[in-house]
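Below is one structure, written out as structure tokens; the observations come after it.
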Amino acid sequence: MLSPPSPGSPGPPRRVFIESFGCQMNDYDVARMREVLRRSGYEDTQEPEEADLIIINTCSIREKAEHKAISAAGRFKALKERRPELLLAVGGCVAQQEGEALLRRIPFVDLVFGPDQIARLPQHVGLLSGQRQVPARLRLRVARTEVIDVEDYEFLDADPRPGDVRVTALVTIQKGCDNECAYCIVPTTRGREVSRPPEQVLAEVERFVAAGAREVTLIGQNVNAYHGIGTPDGDDFAELLRRVDAVPGLLRLRFTTSHPQFFTRKVAAAFAELPRLCPWLHLPVQSGSSRVLQRMRRNYTREQYLEQIAWVRQACPDISLSTDIIVGYPGETERDFQDTLSLLSEIRYDFIYSFAYSPRPGTPAQHLPDDVPPAEKSRRLQAVQALQKEITSERLGRMVGRTEPVLIEGMARMGNGQLCGRTGGNHMVNIDPAGHTDPRALIGQLVPVTITAARTHTLAGTLS
Ligand code: SAH
Ligand code: SF4
Ligand code: F3S
């Protein structure tokens, strides 16, 4: 065993480059990594060539996501060969799932760490960076994937700083997931569900607002199962929304991801009652066939889901809806698949995320005979996407000619002086500043924008 760096040894690496895949939990985690590393003397860099530490934060939700993350590590191999003192770390869900095995699979990786190890990242890195003088083949390589017990779990508070903060912020309200959707790896990689205490959530929202954020998205894998308060009617998530909505200075509130099994009437009613809650709901349905939903262990039927959508539309008739769809689940027949298409036609989501099922290690569905051949999965995926393209075009089309409040997030990526922001319904808008002398001054403001055109996934507009 090598000992930690002695006081006389060269200082720790100074610059960190982070590449991340996956969901908003991973985005949130990356922000926390940057903060813990910053407190121990690291600066961010956008250039892997000048980094002393490279972190790849991985996702294992589907086979493809996992491959993408692993091949990202391969891109840094040459750099690592050129500069053996460079530390290469892999975090996130693949790291948690594979642990030590990942050190064997990627022999040039120094550190593998799971999501519960972020608070201790500086210690792990400190231990490894003390080995610069040690010949490469003798260096210590470490996998840390201990999961913190539910009772002992402490959420790592965000430390937003003015100048560093974007207009929109993510605030985590829970970690892990206690559901057992038969196809899903998340309960394995993120562990049991823990609800973050409401006072921590509120304090974090206040810190973000004080640092310049104007919109907050509360995140968790199943936010409707939030149980951090103990309200008499048991609907802690509805209560949390009410409290966050009242934070002074906050302009907009969103949340994701909801699970239909836990989605209540009271949360649906919040869309009518809470002034800052945006008219957008992401409610993953996965399939339009009750038979498939049962095999997925989703614990709701097509009819129950449709009823929830009716509650939401009653509270907020023009709400934007989005969902996740899995096609080609084991046992999905052509008829089941047609049920998914008919559900899309009936509900008319503004946008969807659709995936071909892929088996994940250790999940119950892994052992179901996968009787939908890959070519058929692709055909179904394409059919879903083609249908949704028409629906999205119609849904975006309804916005043209309207004047909508848009929160300006920044300058558009595609340049020519345009601004970008989102409608309450979560549609991205590229905005012509219409002769405004200092468009940048509008960043962070909620301004009226007249929608002039609908593109494939976004809107175009002009300042009114
Ligand atoms: N907690 C959220 C979703 C998390 S994962 C929820 O319950 O809805 C995001 C999406 O990935 C899921 O909604 C599902 O559509 C998709 N997904 C998860 N596991 C998958 C698998 N094994 N194959 C294909 N898609 C999957
Ligand atoms: Fe996965 Fe289901 Fe939990 Fe979502 S609710 S993270 S799909 S197990
Ligand atoms: Fe991926 Fe893990 Fe999120 S598997 S979707 S990064 S919780």
Side-chain angles (χ1 to χ4, degrees), residues 12-99 101-122 124-126 128-129 141-145 156 158-160 164-166 168-170 172 185-186 189-190 219 353 355 410 413:
R14 289 284 144 211
R15 270 179 288 206
V16 58
F17 172 85
I18 307 182
E19 183 165 349
S20 185
F21 301 87
C23 65
Q24 286 169 317
M25 316 300 145
N26 265 12
D27 296 340
Y28 186 85
D29 286 352
V30 165
R32 303 296 78 75
M33 288 176 204
R34 292 193 198 285
E35 288 167 358
V36 294
L37 289 169
R38 186 167 66 195
R39 284 196 285 273
S40 50
Y42 289 83
E43 287 166 10
D44 290 339
T45 174
Q46 305 304 315
E47 302 299 331
E49 285 75 21
E50 59 177 45
D52 304 283
L53 167 63
I54 292 179
I55 299 175
I56 302 158
N57 202 35
T58 58
C59 171
S60 60
I61 197 78
R62 286 166 291 275
E63 226 161 17
K64 240 194 209 160
E66 181 174 337
H67 290 158
K68 216 166 116 186
I70 305 279
S71 70
R75 287 205 302 279
F76 300 119
K77 187 177 177 200
L79 206 57
K80 174 87 184 162
E81 278 166 356
R82 234 183 311 134
R83 290 199 289 119
E85 74 284 4
L86 166 69
L87 287 181
L88 187 57
V90 179
C93 289
V94 180
Q96 186 63 39
Q97 179 192 307
E98 301 278 320
L102 205 56
L103 288 180
R104 290 191 290 275
R105 201 162 147 195
I106 321 180
F108 49 92
V109 160
D110 303 283
L111 171 66
V112 169
F113 67 103
D116 278 10
Q117 294 292 315
I118 296 172
R120 302 180 60 198
L121 187 57
H124 301 329
V125 169
L128 296 175
S129 63
R141 301 170 68 225
V142 173
R144 302 300 299 264
T145 53
L156 203 50
D159 178 18
D164 233 15
V165 152
R166 279 194 288 194
T168 61
L170 301 175
T172 193
I185 191 91
V186 173
T189 59
R190 297 281 169 152
I219 59 167
Y353 301 91
F355 314 101
R413 221 186 285 168

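Just so you know, residue 1 is the first one in the sequence shown, and it goes up from there. Please read these numbers as outputs of a predicted model, since none were measured by experiment.
Of the charged side-chain nitrogens involved, none lies within less than 4.0 Å of a carboxylate oxygen, so that R34 and D29 do not count as a salt-bridged pair. For the pair K80 and D110, the salt-bridge criterion is met [side-chain N within less than 4.0 Å of a carboxylate O]. The residues E19 and R75 are annotated as salt-bridged, a charged nitrogen and a carboxylate oxygen being separated by less than 4.0 angstrom. One finds no salt bridge joining E43 and R14 here, because no Lys/Arg side-chain nitrogen approaches an Asp/Glu carboxylate oxygen to under 4.0 Å. A salt bridge between D159 and R39 is present, with a side-chain N of the basic residue lying under 4.0 Å from a carboxylate O of the acidic one.
You'll find the side chain of L111 stays beyond 4.5 Å of the side chain of V90, heavy atoms only. Side-chain atoms of E47 and F17, non-hydrogen and from C-beta on, never get closer than 4.5 Å to each other. Looking at heavy atoms from C-beta onward, V109 lies out of side-chain contact with L102 at the 4.5 angstrom threshold. Side-chain atoms of K68 and E63, non-hydrogen and from C-beta on, never get closer than 4.5 Å to each other. Taking 4.5 Å as the limit, every side-chain heavy atom of V16 sits out of range of all side-chain heavy atoms of I54. Within the 4.5 Å cutoff, the side chain of L88 has heavy atoms near those of the I56 side chain. The shortest side-chain heavy-atom distance between D27 and Q24 falls under the 4.5 Å cut-off.
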| request: Test Q96 against T145 for side chain to side chain donor-acceptor pair (under 3.5 Å), laying out the working first. | output: CA-CA 6 Å; Q96 186 63 39; T145 53; 4.6 Å; no
| How far apart are the C-alpha atoms of E98 and V112, what are their side-chain angles, what is the distance that settles it, and do they pass the side-chain contact (heavy atoms from CB on, under 4.5 Å) test? | CA-CA 9 Å; E98 301 278 320; V112 169; over 6 Å; no
| For Q97 and S60, what are the C-alpha separation, side-chain angles and deciding distance, and is it a side chain to side chain donor-acceptor pair (under 3.5 Å)? | CA-CA 8 Å; Q97 179 192 307; S60 60; 2.9 Å; yes
| said: Test salt bridge (Lys or Arg N to Asp or Glu O under 4.0 Å) on R38 and D164; report intermediate values, then the result. | reply: CA-CA 13 Å; R38 186 167 66 195; D164 233 15; 2.8 Å; yes
| request: Just do the side-chain contact (heavy atoms from CB on, under 4.5 Å) check on M25 and I219 with the steps written out, would you? | output: CA-CA 7 Å; M25 316 300 145; I219 59 167; 4.2 Å; yes
| field | Full working for side-chain contact (heavy atoms from CB on, under 4.5 Å) between Y42 and V125 | value | CA-CA 11 Å; Y42 289 83; V125 169; 3.0 Å; yes
| message | Between M33 and F113, does the side-chain contact (heavy atoms from CB on, under 4.5 Å) criterion hold? Intermediate values first, please. | response | CA-CA 12 Å; M33 288 176 204; F113 67 103; 3.9 Å; yes
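Rounded to the nearest 0.5 Å, atoms CG (L87) and CG (D52) are 8.0 Å apart. Distance CD/Q117 to CZ/R144: 5.5 Å, rounded to 0.5 Å. Atom CG of residue L79 and atom CD of residue E81 lie 10.0 Å apart, to the nearest 0.5 angstrom. Annotation: the span from C93 atom SG to F21 atom CZ amounts to 13.0 Å, rounded to 0.5 Å. Between atom CG of residue L121 and atom OG of residue S40 there is a gap of 8.0 Å, rounded to the nearest 0.5 Å. Separation of atoms CZ (R15) and CG (L37) is listed at 14.5 Å; rounding is to 0.5 Å.
Minimum interatomic distance between R32 and L156 (heavy atoms only, all atoms of both residues): CD-O, 3.6 Å.
Side chain of K77 to main chain of F108: no donor-acceptor pair is present (N/O by atom type, distance under 3.5 Å, no hydrogens or angles). Without hydrogens or angle criteria, T58 side chain to G91 main chain gives a donor-acceptor distance under 3.5 Å. A donor-acceptor contact shorter than 3.5 Å is absent between the side chain of T45 and the backbone of E50. No donor-acceptor distance shorter than 3.5 angstrom exists from the side chain of N57 to the backbone of V30, with no hydrogens or angles considered. Here the side chain of R83 pairs a donor or acceptor atom with the backbone of A51 at under 3.5 angstrom.
For CD of E49, the number of neighbouring non-hydrogen atoms (other residues, nucleotides, ligands) closer than 6.0 Å is greater than 12.
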